[in-house]
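Numbers for residues simply follow the sequence, beginning at 1.
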Amino acid sequence: MFEIVADTRELSSNLPALLKELGLGVRFEQLAVGDYVLSDDVAIERKTVSDFISSIFDGRLFRQASDLSSVYRQPILLVEGDITMIPSLVSNIKVYYGALASLTLNFPMKLTFVPSVRESAIFIERLVHNLNKEERPRNIVREKGQSLKEQQIFLISSLPGVGEKLAEKLLKHFGSPIRVLT
């Protein structure tokens, strides 16, 4: 059984009980940031739709996003509830989309919307499941700043059956990625 840490403010929520039903251990602690800690790298800030909207207006959202992002490599903002009610909660919908744009561009935070507390539990259980898989998909994202040659090798090696060594040989023989492809 995998154990996650929940903030003590989550004691009154149904979510910890649902997580336990799904086979997760839940330990309560007073957390400095976030509501649920899944690993040394992954933590979740959980909000209802109405709390999400009010946190935009009172400034908590961006402070919490900044704090969570500075402590955890993979911060997640989990918004729970009916998102179709958002237009009725804001006088100007551009404020809502502006906040989403700001979160997307300025923070490494992943934003996830779920319709209910039950789906929050399922989402968190699946996160824990994927975090603890023996074999996780390899990260194919390369760092920025690669040389042109490295970019070309990466492009050619993404073809089925072509590894980096073969990509280098093909590029050396044909001279450019376009010639390799044709």
* Under 3.5 Å, is there a donor-acceptor pair between the side chain of Asn106 and the main chain of Ser102? -> yes
Enter the distance from [X]:[atom1] to [Y]:[atom2] here, rounded to the nearest 0.5 Å.
{"X": "Asp67", "Y": "Phe107", "atom1": "CG", "atom2": "CZ", "answer": "9.5 Å"}
{"X": "Glu168", "Y": "Lys149", "atom1": "CD", "atom2": "NZ", "answer": "5.5 Å"}
{"X": "Gln74", "Y": "Leu38", "atom1": "CD", "atom2": "CG", "answer": "10.0 Å"}
{"X": "Ile4", "Y": "Phe28", "atom1": "CD1", "atom2": "CZ", "answer": "9.0 Å"}
{"X": "Leu77", "Y": "Lys110", "atom1": "CG", "atom2": "NZ", "answer": "12.5 Å"}
{"X": "Glu150", "Y": "Glu164", "atom1": "CD", "atom2": "CD", "answer": "9.0 Å"}

* Verdict with supporting geometry, Asp41 and Arg73, salt bridge (Lys or Arg N to Asp or Glu O under 4.0 Å) -> CA-CA 5 Å; Asp41 292 329; Arg73 200 170 57 79; 3.4 Å; yes
Heavy-atom side-chain proximity of [X] to [Y] below 4.5 angstrom:
{"X": "Leu18", "Y": "Arg118", "value": "yes"}
{"X": "Val37", "Y": "Leu31", "value": "yes"}
{"X": "Leu127", "Y": "Ile44", "value": "yes"}
{"X": "Lys47", "Y": "Leu78", "value": "no"}
{"X": "Val180", "Y": "Leu171", "value": "yes"}
{"X": "Val95", "Y": "Phe57", "value": "yes"}
{"X": "Glu10", "Y": "Arg46", "value": "yes"}
{"X": "Ile76", "Y": "Tyr36", "value": "no"}

Heavy atoms only: give me the nearest [X]-[Y] pair and the separation to one decimal.
{"X": "Ala6", "Y": "Val26", "result": "CB-CG1, 3.8 Å"}
{"X": "Ser54", "Y": "Arg60", "result": "OG-NH2, 3.4 Å"}
{"X": "Asp35", "Y": "Glu45", "result": "OD2-OE2, 3.2 Å"}
{"X": "Ala65", "Y": "Met109", "result": "CA-CE, 3.6 Å"}
{"X": "Pro108", "Y": "Ser69", "result": "CD-OG, 3.5 Å"}
{"X": "Leu61", "Y": "Ala99", "result": "CD2-CB, 4.4 Å"}

* Asked: Between Ser55 and Arg63, does any side-chain donor sit less than 3.5 Å from a side-chain acceptor?
  -> no
Do [X] and [Y] belong together in a cluster built from hydrophobic side chains that touch within less than 4.5 Å?
{"X": "Phe62", "Y": "Ile53", "answer": "yes"}
{"X": "Tyr97", "Y": "Ile83", "answer": "yes"}
{"X": "Leu166", "Y": "Phe174", "answer": "yes"}
{"X": "Leu131", "Y": "Leu68", "answer": "no"}
{"X": "Val42", "Y": "Val79", "answer": "no"}

* Going through the distances and angles, do Val49 and Glu80 end up as a side chain to side chain contact (heavy atoms under 4.5 Å, CB included)? -> CA-CA 6 Å; Val49 167; Glu80 188 178 282; over 6 Å; no
* Enclosure of Glu3 CD (heavy-atom neighbours >12, cutoff 6.0 Å) -> yes
* Is Asp40 atom CG crowded by more than 12 heavy atoms from other residues, nucleotides or ligands, each under 6.0 Å away? -> no
* To do: Before giving the answer on side chain to side chain contact (heavy atoms under 4.5 Å, CB included), spell out for Lys133 and His129 the whole-Å C-alpha distance, their side-chain angles and the decisive distance to 0.1 Å.
  => CA-CA 6 Å; Lys133 272 185 177 178; His129 173 80; 3.9 Å; yes
* Just say parallel, tilted or perpendicular for the rings of Phe52 and Tyr96, cut-offs at 30° and 60°. => perpendicular
